[in-house]
Participant: 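Input: one structure, supplied below.
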Amino acid sequence: MLKIKDLHVNFGGITAIDKISFEVPKGKIISLIGANGAGKSTTLRTIVGLEKATGGSVIYEGQEILGKGVEKIVKSGIVLVPEGRRVFANLSVKENLIMGAYNIKDKQEIKGLLKHVFEVFPRLSERQWQEAGTLSGGEQQMLAVGRALMAKPRLVMMDEPSLGLAPLVVKDILEVIKRINSDGVTVLLIEQNAKAALNISDYAFVLETGRVTMEGAGKELANNEDVKKAYLGKDAI
């Protein structure tokens with residue numbers, strides 16, 4: 001579904017991503033794990049058009065999308081759930097969700113998408129008229145994911161969805177990721193909680209200083225001694 005080839009990103013002469021290559025097969029959950037500063041978020045932001053690549057290519061469903069505008073990339077079916085949730089604090093939950101469907105003109109289709117999001121997140125249905133800024137951290141993360149689903153994505157990229165959340169809420173978010181995937185949406189996941197990410201991933205890539213240094217099936221990497229030592233020691237799950 002997505003093929004990254006020799007992707008290179010520089011920021012003012014500093015290499016953030018150093019010619020990385022990896023693939024995301026359709027219908028799978030793929031994780032990128034690594035320490036802070038490894039280039040994980042930059043990779044996602046470059047794929048969706050928020051950062052400019054220095055070189056390489058990003059092929060999505062057979063088409064080169066590198067250099068296309070963010071709106072065109074979102075319309076093509078790729079949606080990013082950003083780190084830190086980034087909800088519109090002064091808008092209601094429902095208004096936030098409708099913002100996610102800005103590319104969709106059919107009001108009946110938007111109603112159907114809202115219904116689906118409320119089925120996935122019953123708590124958002126209960127709080128649909130509440131201002132997003134008054135929600136808990138976990139509820140805001142649910143809202144950020146729900147807003148992404150409103151765009152009818154075929155590929156959802158999630159940047160640190162469990163960041164700052166209580167362990168019980170993290171489990172809820174991970175279950176939602178698995179449900180989204182079982183509904184036919186491909187997932188590319190960045191998750192600081194590497195153990196949790198690997199446990200739900202079909203395949204994963206380890207990034208270090210802008211390079212892919214290791215790859216393998218999620219459970220295989222979860223049992224790899226080097227990965228355990230570097231990334232799994234302090235995980236709560």
Side-chain angles (χ1 to χ4, degrees), residues 1-9 16-34 38-53 55-70 72-83 144-145 148-149 151-162 173-208 210-222 224 227 231:
M1 185 177 222
L2 185 72
K3 186 173 183 179
I4 311 300
K5 179 75 173 168
D6 293 332
L7 190 64
H8 196 92
V9 179
I17 300 175
D18 191 6
K19 296 183 179 177
I20 65 169
S21 299
F22 66 91
E23 294 186 13
V24 180
K26 186 176 181 181
K28 302 295 185 183
I29 299 176
I30 305 298
S31 284
L32 302 179
I33 67 169
K40 306 184 302 295
S41 294
T42 301
T43 299
L44 297 199
R45 288 174 60 81
T46 305
I47 291 168
V48 84
L50 291 169
E51 302 291 356
K52 190 175 180 181
S57 69
V58 177
I59 308 294
Y60 171 67
E61 295 187 330
Q63 301 293 316
E64 177 65 70
I65 61 169
L66 203 60
K68 288 190 174 181
V70 177
K72 282 186 178 177
I73 292 171
V74 172
K75 275 185 177 178
S76 74
I78 301 178
V79 178
L80 173 66
V81 180
E83 181 183 350
V145 175
L149 293 180
K152 289 204 311 182
R154 294 194 293 281
L155 169 63
V156 168
M157 303 192 299
M158 299 190 186
D159 193 350
E160 302 283 13
S162 80
I173 294 294
L174 294 172
E175 285 303 317
V176 165
I177 292 171
K178 289 195 285 185
R179 174 173 175 173
I180 290 168
N181 181 244
S182 69
D183 286 341
V185 179
T186 305
V187 178
L188 179 55
L189 175 67
I190 288 178
E191 181 50 70
Q192 198 64 41
N193 188 330
K195 187 175 181 180
L198 293 174
N199 281 338
I200 67 167
S201 295
D202 296 291
Y203 204 82
F205 298 87
V206 178
L207 263 63
E208 291 180 21
R211 294 181 179 181
V212 174
T213 57
M214 204 181 300
E215 64 179 89
K219 288 185 169 53
E220 178 188 309
L221 285 185
N224 179 285
V227 173
Y231 305 111

Participant: Can you list everything that forms a side chain to side chain donor-acceptor pair (under 3.5 Å) with E215? Sequence neighbours excluded, please.
Facilitator: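 E215: side chain to side chain donor-acceptor pair (under 3.5 Å) contacts with Y203.
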Participant: Would you mind reporting whether L44 and V48 have side-chain heavy atoms less than 4.5 Å apart?
Facilitator: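 When only atoms from C-beta onward are counted, L44 and V48 do not touch, as no gap falls below 4.5 Å.
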Participant: Which atoms form the tightest heavy-atom contact between L66 and S57, and what is the distance?
Facilitator: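 Minimum heavy-atom contact is CD2-CA, 4.0 Å.
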Participant: Within a strict 4.5 Å, meaning less than it, do heavy atoms of the I73 and I47 side chains meet?
Facilitator: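 No. Closest side-chain heavy atoms not under 4.5 Å.
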Participant: For the residue pair I20 and V212, what are the closest heavy atoms and their distance?
Facilitator: CG2-N, 3.9 Å
Participant: If you compare all heavy atoms of I173 against all heavy atoms of P161, which two are closest, and at what distance to 0.1 Å?
Facilitator: CG2-CB, 3.9 Å
Participant: Quick check: do H8 and D18 have side-chain heavy atoms less than 4.5 Å from each other?
Facilitator: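 Touching, per the 4.5 Å side-chain cut-off.
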Participant: Among I17, D159, L207, which one satisfies side chain to side chain contact (heavy atoms under 4.5 Å, CB included) with K40?
Facilitator: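 Only one of I17, D159, L207 forms a side chain to side chain contact (heavy atoms under 4.5 Å, CB included) with K40, namely L207.
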Participant: Going by salt bridge (Lys or Arg N to Asp or Glu O under 4.0 Å), name the residues that satisfy it together with E61, two or more places apart in sequence or in a different chain.
Facilitator: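 Here the qualifying residues are R154.
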Participant: Could you tell me whether the side chain of L221 reaches within less than 4.5 Å of the side chain of M214, counting heavy atoms only?
Facilitator: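 Touching, per the 4.5 Å side-chain cut-off.
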Participant: Give, for atom CD1 of I30 and atom OG of S201, the distance between the pair rounded to the nearest 0.5 Å.
Facilitator: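 Reported value, rounded in 0.5 Å steps: 7.0 Å.
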Participant: Can you find a heavy atom in the side chain of F205 that is under 4.5 Å from one in the side chain of T43?
Facilitator: no
Participant: Report yes if the side chains of T46 and I4 come closer than 4.5 Å at any heavy-atom pair, otherwise no.
Facilitator: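 T46 vs I4: side chains apart.
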Participant: Find the distance between CG (L50) and OG1 (T42) and round it off to the nearest 0.5 Å.
Facilitator: 11.0 Å
Participant: To the nearest 0.5 Å, what is the distance between CG on N199 and NZ on K219?
Facilitator: 6.0 Å
Participant: If you compare all heavy atoms of S41 against all heavy atoms of I190, which two are closest, and at what distance to 0.1 Å?
Facilitator: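 Scanning both residues, the minimum pair turns out to be N-CD1, 3.5 Å.
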Participant: Atom NZ of K75 and atom NZ of K68: how far apart are they, to the nearest 0.5 Å?
Facilitator: 12.0 Å
Participant: Once you round to the nearest 0.5 Å, how far does CG of L80 lie from CG of L155?
Facilitator: 10.0 Å
Participant: Compute whether any side-chain donor of one residue and acceptor of the other, for E191 and S31, lie under 3.5 angstrom apart.
Facilitator: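 On atom types as modelled, these side chains do not qualify, holding no pair under 3.5 Å.
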Participant: Checking K3 side chain against V58 main chain: does a donor-acceptor pair fall under 3.5 Å?
Facilitator: no
Participant: Hey, does I180 have a side-chain heavy atom less than 4.5 Å from the side chain of P153?
Facilitator: no
Participant: Would you name the heavy atoms of M158 and V145 that are closest together and state the gap between them?
Facilitator: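 Shortest heavy-atom contact: CE-CG1, 4.1 Å.
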Participant: Check whether any side-chain N or O of N181 sits under 3.5 Å from a backbone N or O of G27 as a donor-acceptor pair, and report yes or no.
Facilitator: yes
Participant: Could you go step by step and tell me if L2 and T186 meet the side-chain contact (heavy atoms from CB on, under 4.5 Å) rule?
Facilitator: CA-CA 10 Å; L2 185 72; T186 305; over 6 Å; no
Participant: Identify which one of L149, V185, V74 satisfies the side chain to side chain contact (heavy atoms under 4.5 Å, CB included) criterion when paired with V79.
Facilitator: V74
Participant: By side chain to side chain donor-acceptor pair (under 3.5 Å), which residues pair with E175, not counting sequence neighbours?
Facilitator: K178
Participant: Can you tell me how far apart CG (L188) and CE (M157) are? Round to the nearest 0.5 Å.
Facilitator: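 Here the rounded value is 6.5 Å.
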Participant: For the side chain to side chain contact (heavy atoms under 4.5 Å, CB included) test, which of I177, L174, L189, N193 pairs with S162?
Facilitator: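 Of all the options given, the one that passes is N193.
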Participant: Which atom names give the shortest non-hydrogen contact between P25 and E23, and what distance separates them?
Facilitator: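 Heavy atoms only, the tightest pair is CD-O, 3.7 Å.
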